[in-house]
Amino acid sequence: MTFYVTTPIYYVNAAPHLGHAYTTIAADVMARHHRQRGEEVFFLTGTDEHGEPVADAAHALGIEPQQLADRNAERFKSLAPRIEVSNDFFIRTTDRVHEQKVQEVLSQVRDNGFVYEGTYEGWYCPRCADFKAENEIDPGNRCPIHHIELTREQEDNYFFKLSAFQEPLERLYAERADFVAPRTRYNEALSFIRSGLRDVPLTRHKLSWGVRVPWDHEHVFYVWFDALLNYYTALSYARDEDLTAKFWPASYHLIGKDILRFHAVYWPALLMAAGIELPRHIFVHGYLLMEGEKMSKSLGNVLDPFEVIERFGADALRFYVLREVPFGQDGSVSTASFELRYETELANELGNLASRTLAMVGRYRDWQLPPCAPDPALAADFEDLTDRVAELMDRAELTLALDEIWQRVRRLNRYVEERAPWRLAAEPARAQELDGVLGSLAEGLRSVTVLLWPYIPASCERLLAALGASGLALADAGLGSGRVERLSHLEPLFPKEA
Ligand code: ME8
C-alpha cells in the first residue's frame, strides 16, 4: 500500500504565516497516520516561485525574483521541521528538473491538440495570478480576495482548451462523488463546470519570470500550470529513482478553498489533456480567520507561527489549529482561544491525566505493573476506536478523528474519578483491584497516545517512553493490544507557565 499526500506550494512573495502552517500540519497528520498503518508514504510540500505575485514583490523590494525566491523558500523550508512536519521532499518550482518536466508535459498537451494561439482580454488580479470572469468581481472592479483593483489585460497568448473538458469533467464528478470534499466544495466546483467552461491562457507574453515555452521563447507558462504540475514532477526527481509509478496518482491533495477552481477544474482537465491519471481525492479546508477576515499576508493580519511555537511549542500549535477550527470549515483563531485550549485541554485534560497516572503507579507500585486485562467498563468505551479514527482519516476528517480520541482522554479522566485509586490504595485488601485500575488506566493512556501521535508527535513520544511502550503501529493502538509494565517519571508535558 502506498499513500501520497500534498500541500499547495506556497508563493515566495512573503514569509510563511499560520495559514500556510495549517495546511502543512494537516498533511503531516495524514502522512504520519498512514505511516502508522505500515503504508509507504510520500509527503510533498514546497514553494511556488514563478509568476506575477513573486515578480511584483521582488521589484517592489528592488531585488531579482530569484533572490526573493531563494530568501523566502528557505523560510518555508525551515518552518517544516520547526512544526514537526515530516515531509519527504520540498519542491521548488525553480528546480531545473521541474522546469524541464513542465515543458515536457505541456508540450504533450499541445501535441494532443489542446493548445492554440489567441488573444486574451479581461480582468486580472496580479496577487491571485488569476483571470477573473465578470461574475467574480467585487464592486469597483476589485478582487474579492485581495480587495485590490483588478487590471484590464489584453495579451496574445497560447490558450488551453479547457472548454473541451466540460463533458469529461461532468462525467468525472458524476462517477466520483468523493473526488472533491467536503460536499459544499464538490458542489461549488461542479456548478462552476456546469456554468460553462471557457478556454484559459496557458502562457504569458508580458511576463519573463517563469518556465520558458519550448515552442515559443517569447512566452513563459502561466504560473498556475507550472505550479499544479509540481505534484507530478516532484516524484520523478525527489530521489535517485523515479517514484512516479510507485506513488502516482496522488491519494490526497490538501488545499485551501481559495484555490479550489485551479485544483478541482483546471488540474483534472490538464491531466486529461496530457493523458495522465487523475488524483484520487482533493480535500478543501476553510480559512483561518482573524477578526473575521482571512488571515493573509496582503491583509497583514497574520499570526506568526514562529512566535506561537516559541511560546507554546509546536505540538500545542498543531493541536490548536486542528481542534479549534473544524477541518473543512472557516474558523476564527486568536491568542485568547489558543491559551484557553492549551490550559483546559492540553495541560489539564491530557497533561494531568498523564502525570497523575504515572505518579500513582510510581507511588503505589514502585513503577511496575503486573499483567492485567483492561477493565470491561473502559474496554466498552474504547471498542472500535482505532477503526473509527482510521475511517475518519480516510476522509481527511482530521477534527472529527481528533475529537473521537479526545473523548477517550476525557473518559480516562472520569475513570480516575470513578475508581479513585487513592482510596483503593488505602485498603490493603483491595490491592488486586488497584492493580487492575492502574493497569487499565496506563493501557488506556497508551492507546490514546498512539492515536494522538500524528497530531502531537513530540509529546506522545515522550509519554510513550515514560510508559515504557514506544511502539507506534496502528495495529497495536487498541485498548488491550499493548503492554505497559515498567513506567518512569515524566516532567509535565504541557507546563502551565507557558
Ligand atoms: O495560492 N487560512 O499560494 P499561497 C487557511 N502558490 N489556509 C490558508 C490561509 C488562511 N488564512 N492562508 C493561506 C498559492 N493558506 C499558490 C498555490 S498550488 C499548485 C499553488 C494556505 O502562498 C491554504 O492552503 O497563496 C491556501 O490554499 C494556501 O495557503 C495558499 O498559499
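Residue numbers start at 1 and run along the sequence shown. Worth saying up front: this structure is predicted, and the values here are computed from it rather than measured. Whatever order the structure lists them in is the order used to number ligands and atoms, beginning at 1. Side chains included, hydrogens not; waters and symmetry mates left out as well; all remaining heavy atoms used.
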Report, one line per pair, each donor and acceptor closer than 3.5 Å where one atom sits in a side chain of residues 262-276; sequence neighbours left out.
| from | atom 1 | to | atom 2 | distance (Å) |
| --- | --- | --- | --- | --- |
| His263 | ND1 | Ile259 | O | 3.0 |
| His263 | NE2 | Tyr231 | OH | 2.7 |
| Tyr266 | OH | Arg261 | NH1 | 3.2 |
| Trp267 | NE1 | His253 | NE2 | 3.0 |

Within a distance under 4.0 Å of any heavy atom of [X], pick out the atoms of ligand 1 and give their elements.
X	value
Gly286	5 (C)
His20	22 (O), 29 (O), 31 (O)
Ala227	19 (C)
Tyr22	5 (C)
Tyr287	2 (N), 5 (C)

Ring centers of [X], [Y] separated by less than 6.0 Å:
X	Y	value
Phe283	Tyr252	no
Trp248	Phe42	no
Phe131	Tyr222	yes
Phe76	Phe90	no
Tyr4	Phe43	no

Hey, is His17 one of the residues with a heavy atom under 4.0 angstrom from ligand 1?
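Yes; His17 lies near enough to ligand 1 that a heavy-atom distance drops under 4.0 Å.
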Does ligand 1 have an atom under 4.0 Å from some heavy atom of Met290?
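No, that is not the case, since the closest heavy atom of the residue is not under 4.0 Å from the ligand.
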Please state which part of [X] comes within less than 4.0 Å of ligand 1, counting heavy atoms only: side chain, backbone, both or neither.
X	value
Asp48	side chain
Tyr10	both
Asp258	side chain
Trp224	side chain

Test side chain to side chain donor-acceptor pair (under 3.5 Å) applied to Thr233 and His98, Glu99, Glu104, the passing residue:
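The side chain to side chain donor-acceptor pair (under 3.5 Å) with Thr233 is passed solely by His98 among His98, Glu99, Glu104.
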Are any of the side-chain nitrogens in Arg311 or Glu339 under 4.0 Å away from the carboxylate oxygens of its partner?
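Here Arg311 pairs with Glu339 in a salt bridge, since their nearest N and O are under 4.0 Å apart.
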On the 0 to 90° scale, with breaks at 30° and 60°, tag the His205-His219 ring pair as parallel, tilted or perpendicular.
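His205 vs His219 ring planes: parallel.
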Could an N or O of ligand 1 be found under 3.5 Å from any N or O of [X], whether backbone or side chain?
X	result
Ile259	no
Pro8	no
Leu228	no
Tyr231	no
Thr23	yes
His263	no

Just wondering, are more than 12 heavy atoms of other shown residues or ligands nearer than 6.0 Å to CD in Glu39?
yes
Looking at Phe494, Phe338, Trp453, Trp406, which one forms a ring pair (Phe, Tyr, Trp, His ring centres under 6.0 Å) with Phe319?
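Single ring pair (Phe, Tyr, Trp, His ring centres under 6.0 Å) partner of Phe319 among Phe494, Phe338, Trp453, Trp406: Trp406.
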